[in-house]
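Numbers for residues simply follow the sequence, beginning at 1. Since the structure is predicted, the reported quantities are computational estimates derived from the model, not experimental observations.
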Amino acid sequence: VNENADSSWQEIQFGHDFETTPVVISQTTTMSEFDAVVTRQQNITPTGFSMMLQEEEASGDHDNEHASWIAIATPQTADSPEISAYTTDHSVTHQRSTLSFNATAGTAPVVLAAMQSFAGSDTASLRFDNLNQDTLQVWVDEERSLDRETRHVAEAVGVVAVSPGIIVSQDNSNGNNNGSGSDGTGN
C-alpha cells in the first residue's frame with residue numbers, strides 16, 4: 001500500500017525482484033475527497049514501477065490517498081491453466097481490442113486488467129466487456145469532465161485471468177509458508 005499516493009509520479013519498489021516484468025494492478029483504497037480519481041502506472045520493471053493518482057481533468061490535482069497494488073508474475077506457463085498473466089504491446093486504444101488468455105476449467109475466469117503504460121496523458125481507465133472462457137474485449141475510456149474528446153493513444157495493458165474459486169498465495173522464499181492458504185501452523 002502506498003499511503004501517500006498523489007498526483008505526482010512516485011517510485012514503488014517490490015519486496016523482491018521478479019524474473020520477468022510482472023503485471024501491476026492498482027487502485028485507490030481511501031476517499032479523501034469526492035472527485036473521481038484513477039491510479040496510473042508506468043515504467044514497470046522486475047524491481048518496481050511508478051504510480052500516480054489522476055483526477056478528472058476539470059478538477060486538477062487530487063489530495064493524498066492510499067493506493068493498493070498487486071504485482072503478478074509473467075509469463076504464466078501453459079501447464080498452469082488456473083492463471084494466465086501477460087502484458088500486451090502498446091496496442092489498446094479507445095477502440096475495442098480482443099485479448100485472449102489460457103482457457104480455464106470450462107468457464108469464464110475472474111479477470112483483472114490495467115494499463116501498464118502512460119502513453120496518453122488524458123485521465124482514463126481501462127474498460128472491458130464480452131468476457132468468455134478465453135477472450136475479452138478491452139478499451140481505454142477517457143473521462144469527459146473538461147472536453148468531449150475521447151480518442152486515446154495506444155497503451156500497454158496487463159491482463160490476469162484466474163479460474164473462479166479460492167485464490168491461495170504461497171511464498172516459500174524464506175522457507176516459511178506465509179501465504180493466505182496457510183492454517184497458521186506452516187501447513
Side-chain angles (χ1 to χ4, degrees), residues 1-57 59-76 82-88 92 99 101 109-128 131 136 138 140-143 155-174 176-182 184:
V1 175
N2 178 356
E3 295 182 356
N4 293 304
D6 61 22
S7 299
S8 62
W9 287 108
Q10 297 177 9
E11 298 297 317
I12 308 292
Q13 297 298 310
F14 300 131
H16 65 85
D17 292 352
F18 286 86
E19 291 182 23
T20 59
T21 301
V23 170
V24 174
I25 308 291
S26 64
Q27 74 175 45
T28 58
T29 51
T30 57
M31 188 177 85
S32 64
E33 61 178 86
F34 291 110
D35 294 330
V37 65
V38 296
T39 55
R40 295 289 300 268
Q41 55 250 351
Q42 68 176 356
N43 302 327
I44 302 169
T45 70
T47 61
F49 66 103
S50 299
M51 179 173 57
M52 69 177 269
L53 300 182
Q54 195 173 29
E55 188 166 301
E56 57 189 5
E57 292 177 313
S59 297
D61 291 342
H62 195 83
D63 290 340
N64 286 11
E65 300 280 3
H66 289 193
S68 297
W69 55 268
I70 186 170
I72 297 101
T74 63
Q76 300 299 323
E82 293 83 23
I83 185 169
S84 176
Y86 70 94
T87 299
T88 69
V92 178
L99 303 181
F101 35 81
V110 174
V111 174
L112 304 171
M115 287 180 278
Q116 305 294 287
S117 59
F118 190 77
S121 62
D122 288 347
T123 303
S125 60
L126 191 68
R127 303 280 305 265
F128 61 90
L131 171 65
L136 81 156
V138 299
V140 178
D141 189 27
E142 288 189 5
E143 63 86 27
E155 300 279 3
V157 169
V159 179
V160 179
V162 181
S163 294
I166 298 173
I167 297 174
V168 176
S169 173
Q170 186 168 335
D171 179 3
N172 291 324
S173 61
N174 63 3
N176 295 321
N177 177 356
N178 51 0
S180 61
S182 173

| message | Looking at Thr123, is its backbone amide N or carbonyl O close enough to the side chain of Glu55 to form a donor-acceptor pair, meaning the two atoms are under 3.5 Å apart? | response |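 Checked: no pair found.
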
So which atom in [X] and which in [Y] form the shortest heavy-atom distance, rounded to 0.1 Å?
{"X": "Val157", "Y": "Gln116", "value": "C-CG, 3.8 Å"}
{"X": "Met51", "Y": "Trp69", "value": "CE-CD1, 4.1 Å"}
{"X": "Ala156", "Y": "Ser117", "value": "N-OG, 2.9 Å"}
{"X": "Ile72", "Y": "Ala85", "value": "CG2-CB, 3.9 Å"}
{"X": "Phe118", "Y": "Gln42", "value": "CB-OE1, 3.4 Å"}
{"X": "Val111", "Y": "Ala161", "value": "CG2-CB, 4.3 Å"}

Go through the side-chain N and O atoms of [X] and [Y] and say whether any donor and acceptor fall under 3.5 Å apart.
{"X": "Thr30", "Y": "Ser32", "value": "no"}
{"X": "Gln41", "Y": "Ser26", "value": "yes"}
{"X": "Ser50", "Y": "Glu11", "value": "yes"}

| Stepwise side-chain contact (heavy atoms from CB on, under 4.5 Å) test for Leu53 and Thr39 | CA-CA 5 Å; Leu53 300 182; Thr39 55; 3.8 Å; yes

| query | Listed by chain and number, what are the ring pair (Phe, Tyr, Trp, His ring centres under 6.0 Å) partners of Tyr86, not counting sequence neighbours? | reply | none

| CG of Leu99 to CG of Leu136: how many Å apart, nearest 0.5 Å? | 5.5 Å

| How many angstroms lie between atom CG of Asn2 and atom CD1 of Ile12, to the nearest 0.5 angstrom? | 4.0 Å

| message | Would Val140 and Leu126 count as a side-chain contact (heavy atoms from CB on, under 4.5 Å) here? Give the steps. | response | CA-CA 5 Å; Val140 178; Leu126 191 68; 4.3 Å; yes

| field | For Asp141, all residues meeting salt bridge (charged side-chain N to carboxylate O under 4.0 Å, His left out), sequence neighbours excluded | value |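 Partners of Asp141 under the salt bridge (charged side-chain N to carboxylate O under 4.0 Å, His left out) test: Arg127.
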
| Verdict with reasoning, Val159 to Val23, per side-chain contact (heavy atoms from CB on, under 4.5 Å) | CA-CA 7 Å; Val159 179; Val23 170; over 6 Å; no

| salt bridge (charged side-chain N to carboxylate O under 4.0 Å, His left out): which pairs involve residues 24-53, sequence neighbours left out? | Arg40-Glu155

| said: Please list all pairs meeting salt bridge (charged side-chain N to carboxylate O under 4.0 Å, His left out) that have one or both residues in residues 16-31, counting only residues at least two apart or in different chains. | reply: none

| Where does the angle between the aromatic ring planes of Phe14 and Phe18 fall among parallel (under 30°), tilted (30 to 60°) and perpendicular (over 60°)? | perpendicular

| query | For Thr21, what residues pass the side chain to side chain contact (heavy atoms under 4.5 Å, CB included) criterion, not counting sequence neighbours? | reply | Ile44, Pro46

| field | Residue pair Ile70 / Pro22, side-chain heavy-atom distance below 4.5 Å | value | no

| said: Test side-chain contact (heavy atoms from CB on, under 4.5 Å) on Ser68 and His66; report intermediate values, then the result. | reply: CA-CA 7 Å; Ser68 297; His66 289 193; 5.7 Å; no

| request: Please check if atom CD in Glu143 has more than 12 non-hydrogen atoms from other residues, nucleotides or ligands closer than 6.0 Å. | output: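 Enclosed: over 12 neighbouring heavy atoms sit under 6.0 Å from CD of Glu143.
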
| request: Apply side-chain hydrogen bond (donor to acceptor under 3.5 Å, both in side chains) to Glu3 and list each qualifying residue two or more places apart in sequence or on a separate chain. | output: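 side-chain hydrogen bond (donor to acceptor under 3.5 Å, both in side chains) list for Glu3, sorted by chain: empty.
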
